[in-house]
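Counting starts at 1 for both ligands and their atoms, in listed order.
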Amino acid sequence: MSEPPRFDRGHTDDLMSFLAASPTPYHAVVNAAERLEKAGFRQVAETDAWDGSSGGKYVLRGGAIIAWYVPEGAPAHTPFRIVGAHTDSPNLRVKPRPDSGAHGWRQVAVEIYGGPLLNSWLDRDLGLAGRLSLRDGSTRLVNVDRPLLRVPQLAIHLDRSVNADGLKLDKQRHMQPVWGMGGDVRDGDLIAFLEETAGLPSGEVTGWDLMVHSVEPPAYLGRDRELVAGPRMDNLLSVHAGTAALTAAAGRGTGLSHIPVLAAFDHEENGSQSDTGADGPLLGGVLERSVFARGGSYEDRARAFAGTVCLSSDTGHAVHPNYAERHDPTHHPRIDGGPILKVNVNNRYATDGSGRAVFAAACEKADVPFQSFVSNNAMPCGTTIGPITAARHGIRTVDIGVAILSMHSARELCGANDPFLLANALVAFLEG
Ligand code: ZN
C-alpha cells in the first residue's frame with residue numbers, strides 16, 4: 001500500500017524562497033540548517049567530543065552540510081540511508097585583486113567557477129554575495145541582493161556577424177562585470193564597499209569568497225504556471241528536497257530501521273576535491289564518528305557501511321523541444337514526468353540494476369512516477385557525486401534527480417511538480 005504524498009505545490013513555493021535566499025553555497029547550508037533547527041536538529045561541532053545521544057544533528061563546514069537523525073536506541077551497526085547533493089553552481093567569482101577598470105569604468109575582476117553558460121550571464125542585473133573572513137578568525141556572510149554589477153554585451157552594430165556565427169566569449173577579456181563609473185580605481189575599493197555594507201569597521205576583512213548572482217527572483221512561468229524559472233536549481237533543488245525529506249523522515253522517530261542522512265557537498269562543479277567536497281573525507285568521518293559515539297567498534301562501522309545506500313540526487317537534462325536529437329531516441333525525460341534515474345554503464349553515474357530496484361521501490365511506496373535518463377551514445381555524459389561517493393566510501397549509490405532545461409544557465413527551468421515529487425520519493429527512501 002502506498003502512503004499518501006506528503007509534499008505538494010507548497011514545497012515548490014518554499015524551494016523558490018530557498019533559491020532566492022541562497023546565492024552562494026555558504027548561504028544555502030545556513031538556510032538548510034535553519035529548516036533543520038525548526039525540526040529539532042542541533043548543530044554539533046567537529047572540534048567537540050560527540051556523545052551517542054539520539055535525535056537530529058548536523059555538521060556545517062564551509063559550503064557543506066551533513067545532517068542525520070539517530071532514532072532512539074539505534075544499535076551502533078545501524079546502516080545509513082543517505083541523500084547526497086551539491087550546494088555549488090557555476091558562476092563568476094571575485095579574484096584576489098578585484099579592483100580594475102578602464103575608460104572611466106569601475107570593474108570587478110572575476111574568475112569563472114565551473115562550467116557556466118557564459119552567455120546567460122550577459123546583460124543581467126547581478127548582485128554580489130559570499131563569505132567574509134575577519135581579523136578575529138570568524139566569518140560573516142554578506143549578500144548585496146540588488147543590481148550592483150553587469151556584464152554588458154557588445155552591441156550588434158559592433159559585432160554584425162554574431163547571430164550568424166555565434167557568440168564567442170573570451171573568459172578573461174569579455175566576462176569582467178562593471179559596477180559603476182569613476183575612473184580612479186584604487187586597490188581595496190570593493191572590499192571597503194562590502195565592509196561598509198556589512199557594517200564592519202574598515203580593514204576588518206582579511207579574506208573573502210565572493211561570487212555574483214542574478215537578482216531576478218524565481219518565478220512561475222507558462223500558461224498555467226506549470227514551470228519554474230530560477231537560478232541554481234542545479235543543485236539546490238536537490239539540497240532543498242533532501243532537507244525537507246530528512247526532516248519528514250525524522251518526524252517518524254523510532255520506527256526507522258536506518259539512520260537517515262543528508263550530505264550536501266561543495267565543489268561538485270569543479271571536481272569535488274576539497275575538504276568540503278564529495279571526494280574528501282567529510283562524509284565518511286561524520287558517519288564513522290556517529291558509529292563510534294554510540295559505542296560502536298570498527299566491526300560495527302564496517303557493518304553499518306556495508307548496509308548503507310546513497311541516493312545521489314542532481315539535476316539532469318529534460319528533452320528540449322528544439323534539440324530532441326541530442327537525447328537517446330527512446331529516453332526522453334519530460335518536465336514534470338517525475339524524478340529521473342540516471343544510468344551510464346561506464347560509471348559516470350553510479351546506478352546499476354540493483355540500485356534501480358531501490359529507487360523503484362521508493363517511488364512505488366511514494367506513489368511517484370519515475371523516468372530514466374541515459375545519454376545518446378554520440379554525446380559525452382556528465383557526472384555527479386554518485387561515483388565519487390561509491391568509490392571513496394564503498395557505499396552502494398544510485399544516481400537520480402530532476403530533469404530540467406538550461407542546466408548551468410544563470411536562470412534554469414524546471415517543472416512546478418517535479419520538486420515535490422522528488423521530495424516524496426526521497427522521504428520514502430529515507431524511511432526505508
Ligand atoms: Zn549538478
Colleague: Just grab all the ring pair (Phe, Tyr, Trp, His ring centres under 6.0 Å) pairs involving residues 223-247, residues at least two apart or on different chains.
Modeller: His11-His240, Phe18-His240
Colleague: Pairing donors with acceptors under 3.5 angstrom, does anything connect the side chains of Asn143 and His27?
Modeller: no
Colleague: Begin from the C-alpha positions of Phe193 and Trp179 and carry the test ring-ring contact (aromatic ring centres under 6.0 Å, His included) through to its verdict.
Modeller: CA-CA 11 Å; Phe193 167 77; Trp179 72 302; 5.4 Å; yes
Colleague: For the Zn ion (ligand 1), which protein N/O/S atoms are closer than 2.8 Å?
Modeller: His86 NE2, Asp234 OD1, Asp314 OD1, Asp314 OD2
Colleague: With sequence neighbours excluded, tell me which residues meet side-chain contact (heavy atoms from CB on, under 4.5 Å) with Ser272.
Modeller: Glu268, Ala278, Asp279, Ile385, Ile388
Colleague: Sort and list the pairs that fulfil side chain to side chain donor-acceptor pair (under 3.5 Å) and have at least one residue in residues 373-386, not counting sequence neighbours.
Modeller: Thr384-Asp399
Colleague: Does either side chain, that of Asp88 or that of Tyr113, offer a donor lying less than 3.5 Å from an acceptor on the other one?
Modeller: yes
